[in-house]
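Reading through the structure tokens given below for one structure.
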Amino acid sequence: MVRPKKGENGEPDTFMVWDRKTNSMQPLEYPWNEDLDPVLDGEFVVDGKIYKTGYRLLWERVEEWTLEHGGEICRLEPERIERAIRMYTDNQPSGIALGVATDQTPNSEQAAMAACIIDCLMGNVERPGALLQRFRKSGTLRMPNYPVPQAEKLLPDEMLKKRLGGNEFKGLHIWWAGQPTAILDAAITGKPYPLKMWLDRSGNKFGVVADASKIEKAIANLDYVVHAYMYPTSFSAYADILIPTEEWLEMDMLVETCNTIVARQATTHLWETCDEALLWSKLAKKCAEMGHEGCQKAFDAEFMGEDLAYWDTMEELFDHCVGKIGMTWKEVKEKAPFEYLPRDEWRSYYVYKWTDEKTGKLKGFDTPSKKIEIYLDSMITLGRTGQPFAKCELPPVEVDYDPLPYYLEPPEGPISDPELAKEYPLIMTNGRVPFYHHGTLRNVAALREMYPVPEVWIHPSDAEKYGVAPGEWVWIESLRGKIRAKAYVTEGICPGAVCMERFWAPENLNTKTHGWKEMNVNVLTKASGPFNDVVGTYTLRAFLVKIYRAEEGAPEGVWTKPEDFKSWLPIGSAQGRYIEWHN
């Protein structure tokens with residue numbers, strides 16, 4: 001991209017276009033120049049150098065992707081792909097919504113880029129019925145769905161530059177996150193520096209992170225492990241100390257949905273647990289008392305400014321959050337739910353056409369040019385500097401991030417590795433089942449009665465080919481390990497593929513497996529590269545496995561019958577005995 005002028009003080013960058021009237025390259029000042037007639041698609045020679053429009057570069061990138069080529073890669077009939085395309089194009093306005101499935105591959109960023117580009121080309125931007133919108137916010141929430149401030153000034157730049165994976169995968173800085181494989185590798189190898197402690201605040205890492213065996217190796221090299229969660233999981237078995245946090249129904253929560261403020265209020269509180277947000281404040285306060293300079297600043301209201309100095313109660317935190325609307329948290333709970341704007345005012349369509357009060361020009365979009373950009377020159381800037389996500393300039397990546405989406409074939413697959421596919425002929429994908437959420441709730445008796453053990457979905461033709469019968473225990477094996485599941489033979493999965501859920505067995509928590517090694521799909525998944533170049537995602541879906549009968553049957557200790565879960569039922573308040581089991 002040719003950029004003759006970079007905007008300053010909020011002004012947009014100026015890019016060059018090919019002007020049809022003068023048959024020359026000309027700068028296009030924001031927001032427009034009626035004297036120019038920009039060419040959308042073209043290739044031009046200036047001073048012996050070839051220049052192409054962003055649209056031409058996009059066309060060249062996607063030109064090979066005919067229906068036939070896409071069908072070959074995806075194992076789909078071209079006609080079915082066309083029907084899906086027509087379903088979108090013939091029902092406008094619309095939008096393409098992505099989610100976890102595309103995030104869990106090395107193509108994660110490119111899938112999102114492609115979906116946005118398609119919506120933009122179709123004009124599905126800030127119009128009624130479109131997905132890409134900038135509806136008005138109330139201004140009460142500091143972070144999406146949680147009010148804890150980032151307090152980025154507390155993290156020194158030199159420490160930020162050492163964040164594992166943060167320099168290679170600079171897109172992670174929008175979430176202030178490290179890259180999982182880089183963290184585990186550092187714990188295992190001590191490079192680029194050794195890790196000493198793991199303070200974990202989620203559920204069962206073994207159930208939700210790829211190549212779970214790698215976590216066990218990493219933990220073995222740590223000096224100290226702390227697990228803060230609402231109940232013990234497999235990860236707890238490796239912890240030196242457990243900190244009980246409140247379950248979500250025990251916590252207040254401020255939620256903004258559409259044009260409405262909702263106060264989700266705690267229903268009960270059992271035992272000596274605390275809200276996780278209070279835990280971090282207490283920990284920082286103790287460190288401050290012991291002389292930690294950064295933590296001492298965190299309790300200095302003058303230094304923190306708009307970012308609340310660390311809090312002593314959750315009431316204090318919520319009061320700070322809702323103070324912007326002139327209410328206390330107690331008042332919000334009494335009034336909620338309530339609309340902060342009428343729905344017609346909340347639906348702020350065509351925001352890019354609004355006038356910016358500061359500049360007197362159109363607001364445009366949050367891009368360098370303030371226009372819709374299908375060729376993302378800003379991706380190159382991100383890779384070279386970390387901007388706009390990082391709070392300081394970072395060293396450049398070895399290879400610039402690609403301004404256009406591209407397709408990366410899964411590294412384990414019949415196309416990329418036909419030799420491996422001879423031994424591991426099935427493509428494994430995975431996902432949720434409606435009974436559970438992520439790695440939680442496997443210790444709820446009623447849910448386990450309905451779905452006691454994981455099922456592996458397999459097409460009838462594959463079941464016959466590999467000697468697998470419905471309801472039979474089978475081994476599923478990848479290059480990383482092997483697990484067991486029950487075969488669910490169905491035409492709901494395509495031939496050549498299998499699918500299962502990420503399961504762990506709390507009943508085996510105190511055994512040598514700690515419940516995560518028997519039936520957990522993440523024993524099989526791949527945590528090594530190739531990674532997404534921008535955010536470092538890896539292959540949680542679409543890797544190779546083989547499947548065969550498990551003559552041994554169910555894993556040792558795993559509960560499979562309704563009566564097995566009786567000990568998990570609540571204790572009756574009157575007689576102090578277990579509630580009788582009812583089928």
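To the nearest 0.5 Å, atoms CH2 (W504) and OG1 (T440) are separated by 9.5 Å. N259 contributes atom CG, which lies 5.0 Å from atom CZ of R343 (distance to the nearest 0.5 angstrom). The distance from atom CD1 of I174 to atom CH2 of W176, rounded to the nearest 0.5 Å, is 12.0 Å. To the nearest 0.5 Å, the span separating OH on Y310 from CG on L154 amounts to 6.5 Å. With values rounded to the nearest 0.5 angstrom, D356 atom CG is found 9.5 Å from L362 atom CG. Put simply, CD1 on I372 and CD on E126 are 8.0 Å apart, with the number rounded to the nearest 0.5 Å.
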(message) With ring pair (Phe, Tyr, Trp, His ring centres under 6.0 Å) as the criterion, how do F135 and Y349 come out once you've worked through the C-alpha distance, each side chain's angles and the decisive distance to 0.1 Å?
(response) CA-CA 7 Å; F135 293 149; Y349 297 118; 5.6 Å; yes
(request) Give the intermediate values and the outcome of side-chain contact (heavy atoms from CB on, under 4.5 Å) for residues L317 and T313. (result) CA-CA 7 Å; L317 173 59; T313 66; over 6 Å; no
(message) Apply salt bridge (Lys or Arg N to Asp or Glu O under 4.0 Å) to residues E412 and R480 and explain how you reach the verdict.
(response) CA-CA 12 Å; E412 288 183 15; R480 271 70 57 188; 2.5 Å; yes
(message) Before you tell me yes or no, could you show the steps for Q92 and N124 under side chain to side chain donor-acceptor pair (under 3.5 Å), namely the whole-Å CA-CA distance, both residues' side-chain angles and the distance that decides it to 0.1 Å?
(response) CA-CA 8 Å; Q92 298 299 314; N124 284 320; 2.6 Å; yes
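At a threshold of 4.0 Å, the pair D252-R264 does not count as salt-bridged, since none of the basic side-chain nitrogens sits closer than that to a carboxylate oxygen. Of the charged side-chain nitrogens involved, none lies within less than 4.0 Å of a carboxylate oxygen, so that K6 and E11 do not count as a salt-bridged pair. Ion pairing of K191 with D185 is absent here, as no side-chain N (NZ or NE/NH1/NH2) approaches a carboxylate O to less than 4.0 Å.
Looking at every heavy atom in both residues, G165 comes nearest to L172 through O-CD1, 4.3 Å. Contact record, V397 with N167: CG1-O, 3.5 Å, taken as the closest heavy-atom pair. When all heavy atoms of V226 and I243 are compared, the pair lying nearest together is CG1-CD1, 3.7 Å. For V332 against A263, the heavy-atom pair with the smallest separation is CG1-CB, 4.2 Å. The heavy-atom pair separating D103 from T537 by the smallest distance is O-CG2, 3.3 Å. W311 and A277 get closest at one heavy-atom pair: NE1-O, 3.0 Å.
At least one donor-acceptor pair under 3.5 Å links the side chain of D300 to the backbone N or O of F303. Between the side chain of E302 and the backbone N or O of G305 there is no donor-acceptor pair closer than 3.5 Å. Formation of a donor-acceptor pair under 3.5 Å by the K391 side chain with backbone atoms of L155 is found in this model. A donor-acceptor pair is defined here as one N or O able to donate and one able to accept, closer than 3.5 Å; no such pair exists between the side chain of E246 and the backbone of M230. The backbone N or O of P410 sits less than 3.5 Å from a side-chain atom of S416, completing a donor-acceptor pair. With hydrogens and angles disregarded, a donor-acceptor distance shorter than 3.5 Å links the side chain of D319 to the backbone of W329. Judged by distance alone, the side chain of H438 and the main-chain N or O of V208 form no donor-acceptor pair under 3.5 Å. Distance alone, capped at 3.5 Å, is enough to place a donor-acceptor pair between the W346 side chain and the C258 backbone. Proximity of a side-chain donor or acceptor of R541 to a complementary backbone N or O of T429 within less than 3.5 Å is not detected. No donor-acceptor pair closer than 3.5 Å links the side chain of N430 to the backbone N or O of C499.
Between the side chains of K371 and S369, no donor-acceptor pair of N or O atoms lies under 3.5 Å. Side-chain atoms of S138 and E256 include a donor-acceptor pair closer than 3.5 Å. No donor-acceptor contact under 3.5 angstrom links the side chains of Q104 and S108, judged on distance only. No side-chain donor from either of D211 and T525 sits under 3.5 Å from a side-chain acceptor of the other. In summary, the side chains of R201 and H227 do not present any donor paired with an acceptor at a separation below 3.5 Å, with no hydrogens or angles considered. Side-chain contact of S202 with D200: a donor-acceptor pair under 3.5 Å is present, judged by distance alone. A donor-acceptor contact closer than 3.5 angstrom is absent between the side chains of Q110 and D402.
Taking 4.5 Å as the limit, some side-chain heavy atom of H173 sits within range of a side-chain heavy atom of L394. For the pair D275/W280, no side-chain contact is recorded, criterion being any heavy-atom separation below 4.5 Å from C-beta on.
Figure legend: R502 and Y436 shown without cation-pi pairing, the cationic atom not lying both under 6.0 angstrom from the six-membered ring centre and within 45 degrees of its axis.
Y375 has its ring centre no less than 6.0 Å from the ring centre of Y55. Between Y407 and W65, the gap from one ring centroid to the other is short of 6.0 Å. Between Y229 and F235, a ring centre-to-centre spacing not shorter than 6.0 Å is recorded.
Around atom CG of D366, no more than 12 heavy atoms belonging to other residues, nucleotides or ligands sit under 6.0 Å away. For D223, the CG atom is densely surrounded, since the number of other residues' heavy atoms within 6.0 Å is greater than 12. More than 12 heavy atoms of other residues, nucleotides or ligands sit less than 6.0 Å from atom CH2 of W354. Within 6.0 Å of the CD atom in E398, the count of heavy atoms belonging to other residues, nucleotides or ligands does not exceed 12.
Take K363 and apply the salt bridge (Lys or Arg N to Asp or Glu O under 4.0 Å) test, not counting sequence neighbours, and it matches no residue.
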